[in-house]
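Following: one structure in structure tokens, then a few remarks.
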Amino acid sequence: MTGSCRLHISVWSSRRKATCRKTFRGQRQGQGHRRRISPSGSSHLARLPLLSVSHHSLFFKALQFFMCHICCSRLRCPPLRLPPVFVLLSLQDAFEVLAENYEFSEMEGPCLAFRRAASVLKSLPSAVESLRAAQDLPCLGEHTKAVMEEILRCGRSFEVEKILSDERFQTLKLFTSVFGVGPKTAEKWHRRGLRSFSEVLAEPSIHLNRMQQSGFLHYGDISRAVSKAEARAVGNIIDEAVRAITPDAMLTLTGGFRRGKEFGHDVDLIVTAAEPGREQNLLSEIIDSLKKQGILLFCEYQASTFDTTKLPSHRFEAMDHFAKCFLILRLEGSRVDEGLHSAEGDSRNWRAVRVDLVSPPADHFAFTLLGWTGSRQFERDLRRFARLERRMLLDNHALFDKTKKEFLTATTEKDIFDHLGLEYIEPWQRNA
DNA sequence: CGGCATACG
DNA sequence: CGTAT
DNA sequence: GCCG
């Protein structure tokens, strides 16, 4: 049982309390940078669609100035890095900190190892309380066990606390919390001596791309968790738009919410048309509809290569339709049953929400559903298992048997697990 | 000692 | 490089 | 960093 260790363990996992992921920012400086840098509704600036704004436009310069002003007036600038107030970290959180730190150091191997270690613990029915209980678990080696021992013994880890109090780690964590800013950009900004959003926004030589502009503009909203009620409301909005286009279309909520979580960082939806071939333009028509309603704040769409042959000619045909898109939508509070999940002191009656739409052809639905239900670590483990143990290639669109040199068909997720020779795993068991 | 998921803009 | 699971 |  080689690469499959994780998959078998997760069968035994039980449903855990679904909470949104802790952030480290919240623990240390109290409010710190999380203070709404971009009160998306407090200015008419925020209501203007950014869809066609170039980085160099006057509008954007005004926006940068505006946001910088907000930052500088409300925050200490540069921020005071206080030693973190250490809450007791769970073993999983400790491993995630280590993983993230290795990611910032561009050491993908150790990073992945700690992600797997966190994942293994998450998949257990109850928390590990002794080293003995962890003895036979996979993906736990010398380093992870040393950290475990320390935390089990005295509730904290020297190594983890050193990382959490590290100025570079805190700054990279802050910068990468912006939609469109990854480890490399964060590192670049940090190397140039920038330490806060206001410093980044005040730097004239920095040209934010479209995604980063939206990231800063809607920072307060996007970094706040999305509730299940809000996800349902978004689902209804998309459903209405789709129904006006094709009445028999079907909408499926995926991502973390399908895994039973109460909060998420975005809403993932699969749109499928009953008519074969109807999905070709479905997404762009939905986007048009959202645009007309004036609730589309950001949109990036991507084509799919659902070619079975990888022939360039086939590829060409599939080029002009869009299989997935990343959106930011304006969600009105009146549409949410339990009301908006708003920050304190936010008097707006709306918030921005990240929404991902996927529209696969019907015969690829099961693969798309499996691929978009996650979790990320589960998908990686499943694909690694397929490749190493079954000599198969798995992605969002299909499963290819390298031995038989053919694509395997599936109408349900269970079909795919069957092809892989695995017991079916319920969505809520895929959280690790 | 090599591999670590996979795809798209 | 960034995004998604 | 852990595993095959």
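Throughout, a chain's letter reflects where its sequence line sits, starting with A, and its residues are numbered from 1.
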For this session: Would you please say whether a donor-acceptor pair under 3.5 Å links the side chains of A:H190 and A:E167?
Result: yes
Exercise. Can you tell me how far P of C:dT3 sits from CG of A:L208, to the nearest Å?
Worked result: 13 Å
Exercise. Could you give the CG-to-P distance, from A:D266 to C:dG2, as a whole number of Å?
Worked result: 18 Å
Exercise. Rounded to whole angstroms, how far apart are CD on A:E108 and C1' on B:dA5?
Worked result: 13 Å
Exercise. D:dG1, B:dT6, C:dT5: which one has an atom nearest the side-chain heavy atoms of A:R376?
Worked result: C:dT5
Exercise. Among the nucleotides D:dC2, B:dC4, C:dA4, which one has an atom lying closest to any side-chain atom of A:R387?
Worked result: B:dC4
Exercise. Can a side chain N or O of A:S304 be found less than 4.0 Å away from OP1 or OP2 on B:dA7?
Worked result: no
Exercise. Base, sugar-phosphate, or nothing: which does A:E142 touch, judged by heavy atoms less than 4.0 Å apart?
Worked result: sugar-phosphate
Seminar exercise, completed: Side-chain atoms of A:E379 come closest, of D:dG1, B:dT6, C:dT5, to C:dT5
For this session: Assign the ring pair A:F114 / A:F95 to parallel, tilted or perpendicular, where the plane angle (0 to 90°) is split at 30° and 60°.
Result: tilted
Exercise. For the pair made of CH2 in A:W372 and C1' in B:dA5, what is the distance, rounded to whole Å?
Worked result: 15 Å
For this session: Walk me through it: do A:D288 and A:K292 pass the test salt bridge (charged side-chain N to carboxylate O under 4.0 Å, His left out)?
Result: CA-CA 6 Å; A:D288 277 345; A:K292 285 202 188 92; 5.4 Å; no
Exercise. Heavy atoms under 4.0 Å, any strand shown: does A:L394 hit a base, just sugar-phosphate, or nothing?
Worked result: sugar-phosphate
Exercise. Do any side-chain nitrogens or oxygens of A:H265 fall under 4.0 Å of OP1 or OP2 in C:dA4?
Worked result: yes
For this session: Among the candidates C:dT5, B:dC4, C:dT3, find the nucleotide nearest to the side-chain atoms of A:L112.
Result: B:dC4
Exercise. If you look at every heavy atom in A:S289 and A:A241, which pair is closest and at what distance?
Worked result: OG-CB, 3.6 Å
Seminar exercise, completed: Rounded to whole Å, the CZ-P distance (A:R115 to D:dG1) equals 15 Å
For this session: Check whether any side-chain nitrogen or oxygen of A:K184 sits under 4.0 Å from OP1 or OP2 of C:dC1, and answer yes or no.
Result: yes
For this session: Calculate the interatomic distance between A:Q213 atom CD and C:dG2 atom P; express it in whole Å.
Result: 16 Å
Exercise. Which part of the nucleic acid does A:V181 contact within heavy-atom distance under 4.0 Å: base, sugar-phosphate only, or nothing?
Worked result: sugar-phosphate
Problem set entry | Among B:dC4, C:dT3, D:dC2, the nucleotide that comes nearest once only the side chain of A:R384 is considered | B:dC4
Exercise. Counting only side-chain N and O atoms of A:Y301, is one of them less than 4.0 Å from OP1 or OP2 of B:dG9?
Worked result: no
Exercise. Within the side chain of A:R354, is there an N or O that forms a donor-acceptor pair under 3.5 Å with the backbone of A:I222?
Worked result: no
Exercise. Any side-chain N or O of A:R354 less than 4.0 Å from the OP1 or OP2 oxygen of C:dA4?
Worked result: yes
For this session: For the pair A:D415 (side chain) and A:T411 (backbone), establish whether a donor and an acceptor sit closer than 3.5 Å, ignoring hydrogens and angles.
Result: yes
Exercise. Start at the 5' end of DNA chain C and walk down; is the nucleotide closest to A:G374 or to A:T185 reached first?
Worked result: A:T185
Problem set entry | Length of the CG-P vector between A:D356 and B:dG9, whole Å | 15 Å
Exercise. Is the side chain of A:H341 donor-acceptor paired with the backbone N or O of A:A225 at a distance under 3.5 Å, no angle test?
Worked result: yes
Exercise. Which of these nucleotides, C:dT3, B:dG9, C:dT5, is closest to any side-chain atom of A:F179?
Worked result: C:dT3
Seminar exercise, completed: Closest to the side chain of A:D395, out of B:dG9, C:dT3, B:dT6, is B:dT6
For this session: Report which part of the nucleic acid A:N396 touches: base, sugar-phosphate, or nothing (heavy-atom distance under 4.0 Å, all strands).
Result: nothing
Problem set entry | Pairwise P distance, B:dA5 and D:dC3 [rounded to whole Å] | 15 Å
Problem set entry | Length of the CZ-P vector between A:F298 and C:dG2, whole Å | 14 Å
Exercise. Within the structure shown, what part of the strands sits under 4.0 Å from A:G109 by heavy-atom distance: base, sugar-phosphate, or nothing?
Worked result: base
Exercise. Under 4.0 Å: is that the gap between some side-chain N or O of A:R380 and OP1 or OP2 of B:dA5?
Worked result: yes
